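Report on one structure; see the data block that follows.
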Amino acid sequence: MLDVRFVRENKEEIISRLDKRNLPAQELVTQMLQLDDIRREAQQQCDATQAEMNNLSAQIGEFFKTGRQAEANELKARTVELKETVKTLEEKQKTAEQNLTELLYTIPNSPHASVPKGKSAEDNEIVRESGAKPDLGSDALPHWEIAAKYNLINFELGVKITGAGFPVYIGQGAKLQRALIQFFLDEAEKAGYTEYQVPHMVNADSGFGTGQLPDKEGQMYHDATDDLYLIPTAEVPLTNLYRDIILTEKDFPIKMTGYTPCFRREAGSYGKDVRGLNRLHQFDKVEIVQIAHPDTSYENLETMVAHVGGILDKLELPYRILRLCGGDMGFASALTYDFETWSAAQQRWLEVSSTSNFETFQANRLKLRFKDANGKTRLCHTLNGSALALPRIVATLLENNQTPEGIRIPKCLVPYTGFEYIR
RNA sequence: GGAGAGAUGGCAGAGUGGUCGAUUGCGGCAGUCUUGAAAACUGUUGAACCGAGAGGUUCCGGGGGUUCGAAUCCCUCUCUCUCCGCCA
């Protein structure tokens, strides 16, 4: 969530930045600062009253010690009213704080200066395009038909044992998945990321920390018995490892990676673009996360973009990089680059990575801070990116690499799969 | 799942109603000494909020209560450890 103090000092800047999301924030910000004023005033009064109470208590103690009962009792009588006042003021402060927090939860992150203003995906800016789109001819098969032809993925079996959107990978299909995961993790390790194996379920605190709660409550699978959520991305457990932590400057940058399955209810997104691997309830992903110094976080973001691009280059997949416009960006992000690979049979771009800088938005909720050179405690910046999400990589790989001899495996993967063709 | 014990500052570990935000040790930081380092010695070393500042308030697992006053007493939740049961 936004940092109230920053908003207080940079009101106009925040409003103009939020405008990129087409969010008229004038009134929100005013309301927010009003609540903040109420809160601060209540606290000042409350603190002063409590200071008085503390004084009286000390005196009472002194009187009791020296056996001056009468004087002690006289003071005791005076505390009754003060106690009442403290209670009222405390209530007032708590309410203002709660209202402020609730309001803050509804305000998305303010976009970076480079974010284009826009409403939807059409307004995203194409940063660059890489690799040639293959010309497969008219008899090219979409990946779900390839998957059936070579018995790589069985969607019906998934429906039988679980439900739609939970595919079963078989034989060379399963092995391809495992090869990609291993390849992605190795690449991340080479780039200096430390691998973590983390729980696939998280508590509500973690959900709030990275911003999934309360915003995306309905998008996560929730186990009511133990009040745990299945993770929608490894970002949640990985970033929350650093919840409530104060780092020193020499700790930067912190670089973590992890493979996890990801679970998403995808409520309300049933329709035509969900065939095959295009949109699933459970999928595999290798995530990279960085915790960075605010002064360098955008350089860190560029290294992540280069990392993801490098992997796609090695996989020999045609892709493009988009800078998301304000209207298409996620709730918590300040700047997001999406990576899309070209799906030759479907003749469309598929999102395979989303790489973002959240600036202090998550860190504020996480209470993830560092001590700067002057000994001041400041919020860190958090960043993360998919490197990469499996299903659409598999989809484009199967489609783009189909040949009369079978599906060609890119060179970089052969050491992992142990086969050069799926036949 | 049953029984018991516990949760204090980066760590270890005191503290059972009145200058306790907390003794002490270790660690960290700074300095003295040294050619340098180590050792030794000296000092310093939690966080949040409010305040221009002086300073004030809050925090001893979370929440609630008793009291003029709570780390210390009561209730409750969570977690950890030990024993038993179950089990990959």
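On a predicted model such as this, the values are computed, not experimentally measured, just so you know. Proteins get letters first, then strands, A, B, ... in listed order; numbering begins at 1 in each.
- Closest to the side chain of A:Ser57, out of B:G64, B:C68, B:G46, is B:C68.
- Checking the phosphate oxygens (OP1, OP2) of B:U19, no side-chain nitrogen or oxygen of A:Asn54 falls inside 4.0 Å.
- Atoms NZ (A:Lys87) and P (B:G64) sit 11 Å apart, rounded to a whole Å.
- At a cut-off of 3.5 angstrom, the base of B:C50 holds no donor-acceptor pair with the side chain of A:Gln44.
- B:U32 is paired with B:A40 under the criterion used here, namely a Watson-Crick or G-U wobble arrangement in which both key atom distances are under 3.5 Å.
- Residue contacts shown for A:Arg39 are limited to sugar-phosphate atoms, with no base heavy atom under 4.0 Å away.
- Pairing of B:G17, defined by two Watson-Crick or G-U wobble distances under 3.5 Å, is not identified with any nucleotide.
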Can A:Leu413 and A:Leu315 be said to form a side-chain contact (heavy atoms from CB on, under 4.5 Å), step by step? CA-CA 8 Å; A:Leu413 275 185; A:Leu315 287 173; 3.9 Å; yes

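- Between the side chains of A:Gln290 and A:Tyr193, at least one donor-acceptor pair of N or O atoms lies under 3.5 Å.
- If you take atom P in B:A3 and the same atom in B:U76, they sit 14 Å apart, rounded to whole Å.
- Spacing between atom CG of A:Leu82 and atom C1' of B:G69 amounts to 13 Å, rounded to whole angstrom units.
- Look at CG on A:Asp244: it is 12 Å from C1' on B:G61, rounded to the nearest Å.
- Along RNA chain B, the nucleotide nearest A:Gln93 and the nucleotide nearest A:Met53 are compared for position; the residue whose nucleotide lies closer to the 5' end is A:Gln93.
- Atom CD in A:Glu90 sits about 18 Å away from atom P in B:C49, given to the nearest Å.
- The base-pairing partner of B:C60, taking Watson-Crick or G-U wobble contacts with both distances under 3.5 Å, does not exist among the strands shown.
- Note: CD (A:Gln45) to P (B:C50) measures 15 Å, nearest angstrom.
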Working for side-chain contact (heavy atoms from CB on, under 4.5 Å), residues A:Glu316 and A:Lys411: CA-CA 9 Å; A:Glu316 303 162 43; A:Lys411 270 198 231 50; 4.2 Å; yes

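- Of the P atoms belonging to B:A88 and B:C79, the separation is 24 Å, rounded to the nearest Å.
- Distances shown here put every side-chain N or O of A:Gln50 at or beyond 4.0 Å from the OP1 or OP2 atom of B:G56.
- Across all strands, A:Thr79 comes closer than 4.0 Å only to sugar-phosphate atoms, never to a base (heavy-atom distances).
- Here, B:U8 and B:U24 have their C1' atoms 14 Å apart, quoted to the whole Å.
- The nucleotide B:C87 finds no pairing partner, because no Watson-Crick or G-U wobble arrangement with both distances shorter than 3.5 Å includes it.
- B:G63 and B:C84: their C1' atoms are spaced 32 Å apart (whole Å).
- Of the candidate nucleotides B:G51, B:U57, B:C68, B:U57 has the atom nearest to the side chain of A:Ala51.
- Salt bridge status for A:Asp36 with A:Arg40: present, with a side-chain N to carboxylate O gap under 4.0 Å.
- With rounding to whole Å, A:Leu228 atom CG is found 10 Å from B:C79 atom P.
- Here B:C81 sits opposite B:G4 as a Watson-Crick or G-U wobble pair (both hydrogen-bonding atom distances under 3.5 Å).
- If you take atom P in B:A22 and the same atom in B:A39, they sit 29 Å apart, rounded to whole Å.
- Spacing of C1' atoms, B:G10 relative to B:U45, comes out at 11 Å, to the nearest Å.
- One interatomic measurement links the two molecules: CG of A:Leu75 to C1' of B:U67, which rounds to 16 Å at whole-angstrom precision.
- When each of A:Thr377 and A:Leu56 is assigned the nucleotide of RNA chain B with its nearest heavy atom, A:Thr377 is the one assigned upstream, toward the 5' end.
- Aromatic ring pairs are classed by plane angle as parallel below 30°, tilted from 30° to 60° and perpendicular above 60°; the pair A:Phe252 and A:Phe370 is perpendicular.
- One finds no side-chain N or O of A:Arg369 lying less than 4.0 angstrom from the OP1 or OP2 phosphate oxygen of B:A47.
- Look at CD1 on A:Ile60: it is 14 Å from P on B:U19, rounded to the nearest Å.
- Taking the C1' atom of each, B:U82 and B:G46 are spaced 32 Å apart, rounded to whole Å.
- B:G10 is paired with B:C26 under the Watson-Crick or G-U wobble criterion, all donor-acceptor distances under 3.5 Å.
- Here B:C73 sits opposite B:G65 as a Watson-Crick or G-U wobble pair (both hydrogen-bonding atom distances under 3.5 Å).
- Partner A:Leu277 forms a side-chain contact (heavy atoms from CB on, under 4.5 Å) with one of A:Leu390, A:Leu350, A:Thr396, A:Val394 and no other, that one being A:Val394.
- When the P atom is compared between B:C60 and B:C73, the two are found 14 Å apart, to the nearest whole Å.
- For B:G69, neither phosphate oxygen OP1 nor OP2 lies less than 4.0 angstrom from any side-chain nitrogen or oxygen of A:Lys76.
- Ring pair A:Tyr221/A:Phe263 is perpendicular by interplanar angle, where above 60° counts as perpendicular and below 30° as parallel.
- In this structure, A:Lys250 reaches neither bases nor backbone, as no heavy-atom distance under 4.0 Å exists between it and the strands shown.
- Within the shown strands, nothing qualifies as a pairing partner of B:G53 under the Watson-Crick or G-U definition with both distances less than 3.5 Å.
- For B:C50, one of the phosphate oxygens OP1 or OP2 lies less than 4.0 angstrom from a side-chain nitrogen or oxygen of A:Arg8.
- Among the candidates A:Leu241, A:Ile246, A:Leu247, the single residue satisfying the side-chain contact (heavy atoms from CB on, under 4.5 Å) test with A:Leu368 is A:Leu247.
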